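Just below is one structure, and these are the notes that go with it.
Since the structure is predicted, the reported quantities are computational estimates derived from the model, not experimental observations.
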Amino acid sequence: MWQLREGAHAILADDGGAILDERTGRWTHLNPASSAAVMILLAGAPEHQAVEQYATRYGISTVQAAADVRTVTDALTSQGLVVTEIASASRPWWRRWWR
């Protein structure tokens, strides 16, 4: 499952969006396509379904859609704005409560 980490808040719309990182006070601005990818992922779709929905929305191949969605997820993950279920499950139980 893909979600924003605690302290990150998204404002998303069809014409773009932004994510506020409370820790730093910085905004990450999203173009319309990136905002759409984030909306789909935050709705709970697994990445493979998000790719299909994104491809359908923009009328592009699933290969291109997969590259686009991966670019967005990698960029936001590298900025520390998102967490995945796998990442939180891999931490020892005693560290999960300490965020």
All side-chain contact (heavy atoms from CB on, under 4.5 Å) counterparts of Thr62, not counting sequence neighbours
Val51, Ala55
Could you grab the distance from atom CZ of Arg5 to atom CD of Glu22, nearest 0.5 Å is fine?
8.0 Å
Taking ILVMFWY side chains as joined if any heavy atoms are under 4.5 angstrom apart, and letting links pass through other members, which residues group with Val63?
none
Excluding sequence neighbours, so at least two apart, what forms side chain to side chain donor-acceptor pair (under 3.5 Å) with Glu52?
none
With sequence neighbours left out, write down each residue that passes side chain to side chain donor-acceptor pair (under 3.5 Å) with Thr28, or none if nothing qualifies.
Gln79
Correct closest heavy-atom pair for Gly80 and Arg23 would be O-NH2, 3.9 Å
Give me each pair satisfying salt bridge (Lys or Arg N to Asp or Glu O under 4.0 Å) with a member in residues 26-51, each pair once, sequence neighbours excluded.
Glu47-Arg70
Could you list the residues that satisfy side chain to side chain donor-acceptor pair (under 3.5 Å) with Gln49, not counting sequence neighbours?
none
Kindly compute the distance separating CD1 (Ile60) from CG (Asp68), expressed to the nearest 0.5 Å.
5.0 Å
Salt bridge (Lys or Arg N to Asp or Glu O under 4.0 Å): pairs with one or both residues in residues 37-46, sequence neighbours excluded:
none
What distance separates Thr73 OG1 from Leu41 CG, expressed to the nearest 0.5 Å?
7.0 Å
With sequence neighbours excluded, give me every side-chain hydrogen bond (donor to acceptor under 3.5 Å, both in side chains) pair touching residues 31-45.
Asn31-Ser34
Identify, with sequence neighbours excluded, every residue that meets side-chain contact (heavy atoms from CB on, under 4.5 Å) alongside Thr71.
none
Applying a strict under-4.5 Å side-chain criterion to I, L, V, M, F, W and Y, I'd like to know whether Leu20 and Val38 cluster together.
no
Per the ring pair (Phe, Tyr, Trp, His ring centres under 6.0 Å) rule, what does the pair list look like for residues 8-28, sequence neighbours excluded?
none
Ring pair (Phe, Tyr, Trp, His ring centres under 6.0 Å): pairs with one or both residues in residues 54-73, sequence neighbours excluded
Tyr54-Tyr58
Checking Ile40, Val83, Leu76 against Trp2 for side chain to side chain contact (heavy atoms under 4.5 Å, CB included), the one that qualifies is Leu76
Can you find a heavy atom in the side chain of Ile19 that is under 4.5 Å from one in the side chain of Val82?
no
Under the rule for side chain to side chain donor-acceptor pair (under 3.5 Å), what residues qualify as partners of Arg57, not counting sequence neighbours?
Asp14
